[in-house]
J.: 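Encoded as structure tokens, here's the structure I'll be asking about.
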Amino acid sequence: MSHDTSRTSDGSLLVISAHAGDFVWRAGGAIALAAERGQRAKVLCLSFGERGESARAWRDGLRLDEIKELRRTEATNAAAALGAEIEFLDAGDYPLLETQELVDRVVHVYRETDPAVVLTHTLTDPYNGDHPAAARMGLQARVLAQAVGYDAPGEPLGAPPVFFFEPHQPEQCDFKPNVLLDITPVFDKKRKAMECLAAQQHMWDYYTDLAKRRGVQLKRNAGPNLGLAHATMGEAYVRLYPQTTGVLG
């Protein structure tokens, strides 16, 4: 990507996550890479995933408040493993309701973070309405944060590129990646962050295997197919807005 690379390397990364685990499975590598470069990495969790993504805790007999605290602890530990800070809005899940008040809270985070890059969910996910809801609110908040006259502290936002991270069932979500990110140097950090999420242990190996497959595709798109063994790990993204550049490549 050659869209103002100086700002991307110096500015912050903002990840808008519907639930407490989403940012780890789908963007953990990108977060760890940003943190290693010295960028500020901020994760905004709209909910804890307490109702819809904590089945094991419910089966263990935990109460709602206990589950929220469990998921808060897991996500906080995972963010720390990646080198990121994390904020929870506790907006509730299943359903995650879209409200102007919640959008306004996200606008405030945009203005405070002033991100150079934004990562969030796809706008289509027939299996989980919370994910598109988070994406829609994140995109609306980005536009409002750009408005000079919007009543929120801080300066108007620029135009940070937005990347949708990979949903759990991509084929059903119209997800056709056009960006493959090499996360090989930080995959161990991503795996450690995944292992912080004991409430969703069934996801650990799934997303390890996915990283291997995306790594194969990354190598195939980066050069000739020489048939050589490699250990590349990758994450897949879709870029929403056009890349702005003076050089094609």
Side-chain angles (χ1 to χ4, degrees), residues 1 3-49 71-90 105-122 131 134-135 137-139 141-142 145 154-155 157-166 179-197 200 203 207 211 214 233-241:
M1 297 176 293
H3 65 276
D4 192 2
T5 54
S6 61
R7 172 163 167 73
T8 301
S9 60
D10 295 339
S12 60
L13 172 69
L14 175 61
V15 183
I16 299 174
S17 182
H19 310 111
D22 295 331
F23 72 94
V24 179
W25 317 122
R26 301 175 174 96
I31 294 167
L33 285 171
E36 283 204 349
R37 287 192 298 267
Q39 287 180 258
R40 178 188 182 189
K42 170 72 174 277
V43 176
L44 182 65
C45 277
L46 302 188
S47 80
F48 297 108
R71 298 313 309 274
R72 177 194 290 273
T73 299
E74 289 185 352
T76 300
N77 291 340
L82 297 171
E85 60 188 86
I86 191 166
E87 179 179 348
F88 302 93
L89 296 189
D90 193 13
R105 294 173 72 184
V106 180
V107 170
H108 281 66
V109 173
Y110 268 109
R111 286 279 183 90
E112 187 275 327
T113 309
D114 187 22
V117 177
V118 178
L119 309 180
T120 193
H121 297 270
T122 54
H131 294 162
M137 287 188 285
L139 292 176
R142 176 185 176 277
E155 294 298 315
L157 202 68
V162 176
F163 296 88
F164 298 140
F165 41 62
E166 184 161 6
V179 176
L180 295 170
L181 180 68
D182 189 343
I183 63 168
T184 310
V186 296
F187 183 76
D188 286 348
K189 288 185 177 181
K190 179 170 181 175
R191 177 72 192 199
K192 288 176 182 176
M194 289 195 288
E195 291 176 0
C196 292
L197 303 173
Q200 294 177 284
M203 307 274 265
Y207 279 97
R214 293 307 189 190
M233 306 295 268
E235 285 176 347
Y237 294 87
V238 168
R239 185 184 177 115
L240 176 60
Y241 297 107

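Any value given below was found using the heavy atoms of this structure, including those in side chains, with hydrogens, waters and symmetry copies removed. Sequence positions, counted from 1, serve as the residue numbers for this chain.
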J.: So Asp114 and Pro160, do their side chains get closer than 4.5 Å, heavy atoms only?
T.: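 No, every pair of side-chain atoms sits at 4.5 Å or beyond.
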J.: Would you check if the side chain of Gln39 reaches a backbone N or O of Gly11 as a donor-acceptor pair within less than 3.5 Å?
T.: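 Side chain of Gln39 to backbone of Gly11, a donor-acceptor pair under 3.5 Å: yes, one is there.
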J.: Describe, in one word, how the ring planes of Tyr207 and Trp25 are oriented to each other, choosing from parallel (under 30°), tilted (30 to 60°) and perpendicular (over 60°).
T.: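 Plane angle under 30°, so parallel.
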J.: Heavy atoms only: give me the nearest Leu82-Lys189 pair and the separation to one decimal.
T.: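 Residues Leu82 and Lys189, closest heavy atoms: CD2-O, 3.9 Å.
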J.: Any side-chain to backbone donor/acceptor pair from Arg71 onto Ser47? Under 3.5 Å, distance only.
T.: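 Checking the backbone N and O of Ser47 against the side chain of Arg71, no donor-acceptor pair under 3.5 Å is found.
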J.: Could you walk me through whether His19 and His131 pass side-chain contact (heavy atoms from CB on, under 4.5 Å), step by step?
T.: CA-CA 8 Å; His19 310 111; His131 294 162; 3.4 Å; yes
J.: Look only at the side chain of Arg214 and the backbone of Leu180, and say whether a donor-acceptor pair between them is shorter than 3.5 Å.
T.: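 No.
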J.: Output all residues satisfying ring pair (Phe, Tyr, Trp, His ring centres under 6.0 Å) with Phe164, sequence neighbours left out; order by chain, then residue number.
T.: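 Here no residue qualifies.
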J.: For Glu235 and Gly28, indicate whether the former's side chain and the latter's backbone hold a donor-acceptor pair under 3.5 Å.
T.: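 Pair found, side chain donor or acceptor close to backbone of Gly28.
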J.: Can you name the nearest heavy-atom pair linking Arg26 to Tyr237, along with the distance?
T.: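 Looks like O-OH, 3.4 Å.
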J.: For the pair Met137 and Leu46, evaluate side-chain contact (heavy atoms from CB on, under 4.5 Å) and give the outcome as yes or no after the intermediate values.
T.: CA-CA 10 Å; Met137 287 188 285; Leu46 302 188; 4.0 Å; yes
J.: Between Ser17 (side chain only) and Cys45 (backbone N and O only), is there a donor and an acceptor less than 3.5 Å apart?
T.: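 No.
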J.: Taking all heavy atoms of Ala135 and all of Thr122, pick out the closest pair and write down the distance.
T.: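 Closest approach of Ala135 to Thr122: CB-O, 3.8 Å.
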J.: Leu13 and Ala34: which non-hydrogen atoms are nearest, and at how many Å?
T.: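 Distance-wise, the nearest heavy atoms are CD2-CB, 3.9 Å.
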J.: For Glu155, is there any backbone N or O sitting under 3.5 Å from a side-chain donor or acceptor partner on Arg111?
T.: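 The answer is yes, because a donor-acceptor pair under 3.5 Å joins these two groups.
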J.: Quick check for you: to the nearest 0.5 Å, what is the distance between Phe165 atom CZ and Asp22 atom CG?
T.: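 Nearest 0.5 Å value for the CZ-CG distance: 6.0 Å.
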J.: Considering non-hydrogen atoms only, spot the tightest contact between Leu197 and Gly21 and give its length.
T.: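 Where Leu197 meets Gly21 most closely, the heavy atoms are CD1-CA, 3.8 Å.
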J.: Look up atom CZ in Phe88 and atom CZ in Arg72, then write down how far apart they are to the nearest 0.5 Å.
T.: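 The CZ atom of Arg72 is 6.0 Å from CZ of Phe88, to the nearest 0.5 Å.
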J.: How long is the span from the CG atom in Leu33 to the CG atom in Asp182, to the nearest 0.5 Å?
T.: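 Between atom CG of Leu33 and atom CG of Asp182 there are 8.0 Å.
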J.: Looking at every non-hydrogen atom in both residues, tell me the closest pair between Gly138 and Ile16 and how far apart they are.
T.: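 Heavy atoms only, the tightest pair is CA-CD1, 3.8 Å.
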J.: Does Glu195 pair with Lys192 as a salt bridge, N-O distance under 4.0 Å?
T.: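 Result for this pair is no, no salt bridge flagged.
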J.: Output, in order, the C-alpha distance, side-chain angles, deciding distance and verdict of side-chain contact (heavy atoms from CB on, under 4.5 Å) for Lys42 and Glu87.
T.: CA-CA 8 Å; Lys42 170 72 174 277; Glu87 179 179 348; 3.0 Å; yes
J.: To the nearest 0.5 Å, how far apart are CZ in Arg105 and CG in Leu44?
T.: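 Output value for this atom pair is 8.5 Å.
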J.: Exactly one of Val186, Leu181, Ile183 should register a side-chain contact (heavy atoms from CB on, under 4.5 Å) with Met233. Which one does?
T.: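 Going through Val186, Leu181, Ile183 one by one, the side-chain contact (heavy atoms from CB on, under 4.5 Å) with Met233 is satisfied by Ile183 alone.
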J.: Roughly how far, to the nearest 0.5 Å, is the OG1 atom of Thr120 from the CG atom of Leu240?
T.: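 Interatomic distance, Leu240 CG to Thr120 OG1, rounded to 0.5 Å: 10.5 Å.
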J.: Going from CZ on Arg142 to OH on Tyr110, what distance comes out if it is rounded to the nearest 0.5 angstrom?
T.: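 Interatomic distance, Arg142 CZ to Tyr110 OH, rounded to 0.5 Å: 7.0 Å.
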